K.L.:
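Following this message is one structure expressed as C-alpha cells.
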Amino acid sequence: MNYPDISVIIPCYNEEKSIQLMYDRLITSISSITVNFEFIFINDGSKDNSHFELIRLSKEDSRVNYINFSRNFGHQIAVSAGLDYSKGSAVVIIDGDLQDPPEVIPEMYAKHKEGFEVVYGQRLKRNGEGFFKKITAKYFYRILKKITSVDIPVDTGDFRLIDRKIVNDLKKMPEQNKFLRGQIAWLGYRQTNVFFERRERKFGETGYPFSKMLKFALDGITGFSDFPLQFVTKTGIFISFISFLVILYAIFSHFILQKTITGWTSLIISSMFIGGVQLISIGIIGEYISRINKNVQNRPLYIVSDTNILPKD
Ligand code: UDP
Ligand code: MG
C-alpha cells in the first residue's frame, strides 16, 4: 500500500457549519504540497449534523476519512484516535472550527523537510476570545513551564505538524488523561515553531467551557509535575512550624505573663485556615489518585461507532 505524505487530523464537536469550509481551505492549502494526502475527521459525539456532513464529504472525495465516536470523549481523545488511524509520514493536527488557519501548513511542511520532527504553531495573537480565556491561558502556560521538567512551549495549542516517528512514540504512551502537547514536548526530538494568528470562531460555540478547561489544566499539571505534592508537604511543614511557635507563645503568656488569650477571632481564623489547607491538600492528592485509578482500570480510550477507514495491515 502506498502511504500518504500527509495525514490531517481534524477533531470536530458540533462543527456542522465549519466542515465544508474547513475541507475547501485544507484542499487548497495541502494541494500546494502534495496530491497524496488523507483527511481524518473525528466526530466526537456531536449533537448536530456533523456526522452526515462527514459522510457526504467522504462520498464525494475518497481522501476524506471519518471516525464517528459513540459519544463525546473530549478533544484530546479525538486527536489520539486520529493519530491511531493515521498513515501519513507527516501528521498535522488542526482544530475543526477554523481558528487554526490551514494556510500555515505548507510553511510547517517546509520546516519538516528541513529536518524538524515537530513544527508547532505558536500564537502571536488570539482574536475574538474573551479576556478570561486569554489571561488564564497566558498564565497557565507560564506556570506550567515553571513547575514541570519538560519544556512545553508557551502559547501553543495542538495545532502542529509531527513526524511519523512521534506518532509511533505517542502510541506507546497509553496514559488515559491525555495532554498531548506535554507528551510531545517530553519526547524531545528537533522541535521548532511557526507563528500564526489565531482567528475568531466563525460558527458554533466553544466545546471547552470552564469546567473542561480546568480538567485539562489539571491533567497538564498532574501528568508532568510533582510540584503540587511537594508544595503540599512543604506548606504542611511550614504551618506546623508556625503552630508550634504559637503554642510556645501561649504557654509563655499563660505561665510567665499570667495573661491567657481569650480571643475567639484568632481561634476561628486559624482553624478555618488549617481546614482550607487540608481540603486543598486532600484534593491535590485525590487528583493524582484519580489518575492512577483511571490507568489501572485500563479501559479503551474511546469507542468508535463507525468509520470508513480500513485497518492498516
Ligand atoms: N472538540 C472536540 N471535542 C470536545 C470539544 C472540542 O473534538 O469535547 C474539538 C472542537 O470541535 C474543535 C477543537 O476540538 O475543533 C477545539 O475545541 P474548541 O474550539 O471548542 O476549543 P477552544 O478553541 O475554544 O479552546
Ligand atoms: Mg476553537
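Keep in mind that this is a model prediction, so the values were computed, not measured. Index from 1, following the sequence. Whatever order the structure lists ligands and atoms in, that order sets their numbers, starting from 1.
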K.L.:
Is there an N/O/S atom in Gln99 at a distance below 2.8 Å from the Mg ion (ligand 2)?
P.N.:
yes

K.L.:
Of all the non-hydrogen atoms in the protein, which one sits nearest to atom 1 (N) of ligand 1, and at what distance?
P.N.:
Tyr13 CB, 3.6 Å

K.L.:
Taking only non-hydrogen atoms of Arg198, do any sit less than 4.0 angstrom from ligand 1?
P.N.:
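Yes, Arg198 has heavy atoms under 4.0 Å from ligand 1.
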
K.L.:
Given Lys133, Arg201, Glu205, which has its nearest heavy atom closest to atom 22 (P) of ligand 1?
P.N.:
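When every heavy atom of Lys133, Arg201, Glu205 is considered, Lys133 comes closest to atom 22 (P) of ligand 1.
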
K.L.:
Any N/O of Pro11 closer than 3.5 Å to an N/O of ligand 1?
P.N.:
yes

K.L.:
Locate the shortest heavy-atom distance separating Gly188 from Gln191; write the atom from each residue and the value.
P.N.:
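Smallest interatomic distance, heavy atoms only, reads O-NE2, 2.7 Å.
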
K.L.:
Do the two ring centres, one from Phe132 and one from Phe210, sit under 6.0 Å apart?
P.N.:
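Phe132 vs Phe210: aromatic centres under 6.0 Å.
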
K.L.:
Give the residue, atom name and distance (to 0.1 Å) of the protein heavy atom nearest atom 19 (O) of ligand 1.
P.N.:
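The protein heavy atom lying closest is Asp97 OD2, 2.5 Å.
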
K.L.:
Report the part of Thr206 (side chain from C-beta onward, or backbone N, CA, C, O) that has a heavy atom under 4.0 Å from ligand 1; answer both or neither where that applies.
P.N.:
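Both backbone and side chain.
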
K.L.:
Could you check whether atom NZ of Lys202 has more than 12 heavy atoms from other residues, nucleotides or ligands sitting under 6.0 Å from it?
P.N.:
no

K.L.:
How far is atom 8 (O) of ligand 1 from the closest protein heavy atom, and which atom is that?
P.N.:
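For atom 8 (O) of ligand 1, the nearest protein heavy atom comes out as Lys212 NZ, 2.7 Å.
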
K.L.:
Within a distance under 4.0 Å of any heavy atom of Asp95, pick out the atoms of ligand 1 and give their elements.
P.N.:
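Those qualifying, in numeric order: 13 (C), 15 (O), 16 (C).
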
K.L.:
Within a 6.0 Å radius of atom NZ on Lys17, are there more than 12 heavy atoms belonging to other residues, nucleotides or ligands?
P.N.:
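Counting other residues, nucleotides and ligands, NZ of Lys17 stays at 12 neighbours or fewer.
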
K.L.:
Are Phe159 and Tyr120 an aromatic pair by the rule of ring centers under 6.0 Å?
P.N.:
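Ring-ring flag for Phe159/Tyr120: false, centres at least 6.0 Å apart.
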
K.L.:
Show the atoms of ligand 1 that are less than 4.0 angstrom away from any heavy atom in Asn72.
P.N.:
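So the answer, numbered in order with elements, is 3 (N), 4 (C), 8 (O).
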
K.L.:
Starting from atom 17 (O) of ligand 1, find the nearest protein heavy-atom neighbour and note its residue, name and distance.
P.N.:
Tyr208 CD1, 3.8 Å

K.L.:
With respect to the Mg ion (ligand 2), what is the nearest N, O or S atom of Asp97?
P.N.:
OD2

K.L.:
Step through the shown structure and confirm whether more than 12 heavy atoms of other residues, nucleotides or ligands are within 6.0 Å of CZ on Phe238.
P.N.:
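Incorrect, the count does not exceed 12.
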
K.L.:
Is the distance between the ring centroids of Tyr302 and Phe69 less than 6.0 Å?
P.N.:
yes

K.L.:
Can the ring centroids of Tyr189 and Phe116 be said to lie less than 6.0 angstrom from one another?
P.N.:
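Tyr189 vs Phe116: aromatic centres not under 6.0 Å.
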
K.L.:
Can you tell me which residue and heavy atom of the protein come closest to atom 5 (C) of ligand 1, and the distance to 0.1 Å?
P.N.:
Gly207 O, 3.6 Å

K.L.:
Please tell me whether Tyr139 and Tyr141 form a close aromatic pair, meaning their ring centres lie under 6.0 Å apart.
P.N.:
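No.
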
K.L.:
Any atoms of ligand 1 less than 4.0 Å from a non-hydrogen atom of Asp44? List them with their elements.
P.N.:
2 (C), 3 (N), 4 (C), 7 (O), 8 (O)

K.L.:
Just to confirm my output: which protein heavy-atom neighbour is closest to atom 14 (O) of ligand 1, and how far is it?
P.N.:
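Answer for atom 14 (O) of ligand 1: His75 CD2, 3.0 Å.
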
K.L.:
I need the atoms of ligand 1 closer than 4.0 Å to a non-hydrogen atom of Glu15, numbered in the order shown.
P.N.:
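Selected atoms, number and element: 10 (C), 11 (O), 12 (C), 15 (O).
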
K.L.:
Measuring centre to centre across the rings, with the benzene-like ring taken for any Trp, is Tyr208 within less than 6.0 Å of His75?
P.N.:
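Here the rings of His75 and Tyr208 have centres that are less than 6.0 Å from each other.
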
